[in-house]
Amino acid sequence: MTTTVPTFGDFHLPEIVNEPMRNYEPNSIDRAELQKAVDELIGSNPIEVPLIIDGREFKTGSINKQVNPSNHSQVLCTYHEADEAMVDTAIQGALKAKDTWANMPWSERAAIGLKAADLIAHKYRYKLLAATMVGQGKNAWQAEIDAGAEICDFLRFGVKYIQDMYSVQPPRNAPGVWNRTEYRPLEGFVLAVSPFNFTAIAGNLVMTPALVGNVVVWKPSPMAIYSNYLIFKILQEAGVPNGVIQFVPGDAPTVVSTAINRREFASLHFTGSTFVFRSLWKQISNNLDLYRGYPRIVGETGGKNFHFVHPSANPDVVVTQSIRAAFEYQGQKCSALSRLYVPQSMWKNGLKDKLIKTVKDISMGPVNEFKHFMGPVIAKHSYDKIMSLIEEAKKEGGQVLVGGTGDDSVGYFVQPTVIETTDPQSVTMQKEIFGPVITVYAYPDDQIDETCKVLDNTTEYALTGSIFSSDRQELIRVSNMLRNASGMMYYNDKCTGAVVGQQPFGGARASGTNDKAGSMNIFFRFVSPRTIKESFLDPSTYIYPSNE
Ligand code: NAD
């Protein structure tokens, strides 16, 4: 039975601001508490993660595991995998939960979102950070950006953006008429398929559609099960009703294809690699005759991001920002710097030496030792892929200036690597590596325009990019030449680090549908507006004046 709670008021949201970042500096309470949470997690036995369908735990007995990438002999959690029948049960349950959730007044759904953010910011901050650090190989600062700040921002700004969207109404009413737009949730269910690299993205893939009244079947990444399970539990505690979000880890093609092959499939909310996204889009296209409507496909995918350094740039800023953009979280951000274009004069006159020297000093190690700037890459397959791309680059004539080696005996550690190439179309200038590797191309100082053309045409991606220049005319000229080379453009700043509410995130070309997570725009993708016209004045005849 649908229970509708009446609302007697046009409620105003609390002020929405970005969640303040905590520093975790030595001797602080935050540092001590986070260290304790991390140590406890590392010292504990593996956690058993069930499927959660209609609020109930299911253990299928088909078990997989998530390991600690800093020390892969440690199993962080085991988890039960859904089969096709369980996915079906999840879909049916979600569809049953839909009416009550969709009919809940917006203020109450908003309250659930805001409460979830506060639970994360306070009660569960250390726990969620520890899960993200140990499970996904982030150091404290990177985990704070993600599971401390960004996820709260997604939830709180999300609520604000929905409020803003709901207030977008037809601008005109003829006399005796009231026009309204109702932002209906989609008909059917949303499938959320999340990546390993951001706990916040996983939460956002689920909550963006849910907050506007959709029900969601969620397939988390096998490499982020534990943090994603915690997110699920927090959302439950915040008041998300049973069935509204169904937590179904499992073999990716099985879970995802089962959901895509259902008539009630209404939308895919995906973040991950371009290859997988394309294959899912094709599957969806093949099913068009099956569906009730045209599914909304929203996906943010790979990147091959660049820093373009103009001869007028400050080389010290270039080194600092390039190191942060390339090597933070071991280059496993979709926005991570991968291609560095520098003028030959600047490269020879100190930039190269300074970059090599600074990279050599980078500290790398297990994330429970807070001093390290870098930790492990996520898994064996990532380690192998990164090492093989470095080898390919060497075979093509690329020169490894620093790094180029790794050690996967205990954890999956790849040294921060700088490759110099004389071929701007070489393999590591083109392919997404998703590891701590940048390739530098030193361009002739008098070939700025030619280099921009090459940059623009080297890869299929267009996610993030930066231009470093102290000459504003040149900055704007280069920016215009690179207008379609990225969905995120930074001036004199690194190409990573978008903040919700400040830099809406997304890329174009093969990098995704560019619906801009962290903006009002994305919420329009998960609603199907209904226009309502009501007439207050009854016509007395069907004859128009012109008929007289
Ligand atoms: P991935 O594509 O391997 O996995 C993403 C999700 O898809 C996971 O849940 C995975 O289990 C699932 N999946 C994998 N194979 C599948 C299949 N055959 N059928 C159905 N589902 C399948 O990506 P990842 O390694 O988790 O994340 C890294 C990738 O994500 C990088 O390419 C990165 O650039 C991208 N990314 C993009 C953004 C962005 O905003 N553009 C943000 C984060 C990550």
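Both counts, for ligands and for their atoms, begin at 1 and track the order of listing. FYI, side chains are in, hydrogens and waters are out, and symmetry mates aren't considered; it's all heavy atoms of this structure.
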Whether Lys219 engages the ring of Phe270 as a cation-pi pair (distance to the six-membered ring centre under 6.0 angstrom, angle to the ring normal within 45°) should be assessed. no
Would you tell me whether Glu237 and Tyr124 have side-chain atoms, one donor and one acceptor, within less than 3.5 Å of each other? yes
Verify the distance criterion only: is there a donor paired with an acceptor across the side chains of Tyr491 and Ser479 at less than 3.5 Å? yes
Atom 4 (O) of ligand 1 within contact range, any protein heavy atom under 4.0 Å: no
Tell me whether [X] has any N or O atom under 3.5 angstrom from an N or O of ligand 1.
| X | value |
| --- | --- |
| Ser273 | yes |
| Asn197 | no |
| Phe505 | no |
| Ser194 | yes |
| Thr274 | no |

Against heavy atoms of [X], which atoms of ligand 1 measure under 4.0 Å?
| X | answer |
| --- | --- |
| Val256 | 20 (C), 21 (N) |
| Ile201 | 42 (C), 43 (C) |
| Leu280 | 19 (N), 20 (C) |
| Pro222 | 11 (O) |
| Gly302 | 32 (O), 34 (O) |
| Ser221 | 9 (O) |

Is the shortest side-chain N to carboxylate O distance from [X] to [Y] below 4.0 Å?
| X | Y | value |
| --- | --- | --- |
| Glu392 | Lys395 | no |
| Lys304 | Glu460 | no |
| Arg483 | Asp456 | no |
| Glu264 | Lys98 | no |

Here the side-chain hydrogen bond (donor to acceptor under 3.5 Å, both in side chains) pairs for residues 49-62, sequence neighbours left out, are Asp54-Gln246
Pairs involving residues 426-438, ordered by first then second residue, that meet side-chain hydrogen bond (donor to acceptor under 3.5 Å, both in side chains) (sequence neighbours left out): Thr421-Ser426, Thr428-Thr439
Closest non-hydrogen contact found for Ala82 with Val255 is O-CG2, 4.2 Å
Among protein heavy atoms, which sits nearest to [atom], and what does the distance come to when rounded to 0.1 Å?
| atom | answer |
| --- | --- |
| atom 13 (N) of ligand 1 | Ala252 CB, 3.6 Å |
| atom 26 (O) of ligand 1 | Phe196 N, 3.1 Å |
| atom 18 (N) of ligand 1 | Pro253 CG, 3.9 Å |
| atom 11 (O) of ligand 1 | Lys219 NZ, 2.9 Å |
| atom 33 (C) of ligand 1 | Phe434 CE1, 3.3 Å |
| atom 34 (O) of ligand 1 | Glu432 OE2, 2.7 Å |
| atom 27 (O) of ligand 1 | Pro195 CB, 3.7 Å |
| atom 42 (C) of ligand 1 | Cys334 SG, 3.0 Å |

Answer yes if the ring centres of Phe468 and His307 are under 6.0 angstrom apart, and no otherwise. yes
Kindly identify the option in Ala224, Ser257, Gly272 whose heavy atom sits closest to atom 29 (C) of ligand 1. Gly272
Val276, Thr301, Val193: member with heavy atom nearest to atom 16 (C) of ligand 1: Val276
When you compare the side chain of Ser335 with that of Phe505, does any pair of heavy atoms fall below 4.5 Å? yes
Does the side chain of Leu463 reach to within under 4.5 Å of the side chain of Cys334, using non-hydrogen atoms? yes
Residue-level breakdown please: for [X] versus ligand 1, do any non-hydrogen atoms fall below 4.0 Å on the side chain, on the backbone, on both, or on neither?
| X | value |
| --- | --- |
| Lys333 | neither |
| Phe277 | neither |
| Phe198 | neither |
| Val255 | neither |

Spell out, as yes or no, whether a donor-acceptor pair under 3.5 Å connects the side chain of Glu144 to the backbone of Arg22. yes
Is Arg509 atom CZ crowded by more than 12 heavy atoms from other residues, nucleotides or ligands, each under 6.0 Å away? yes
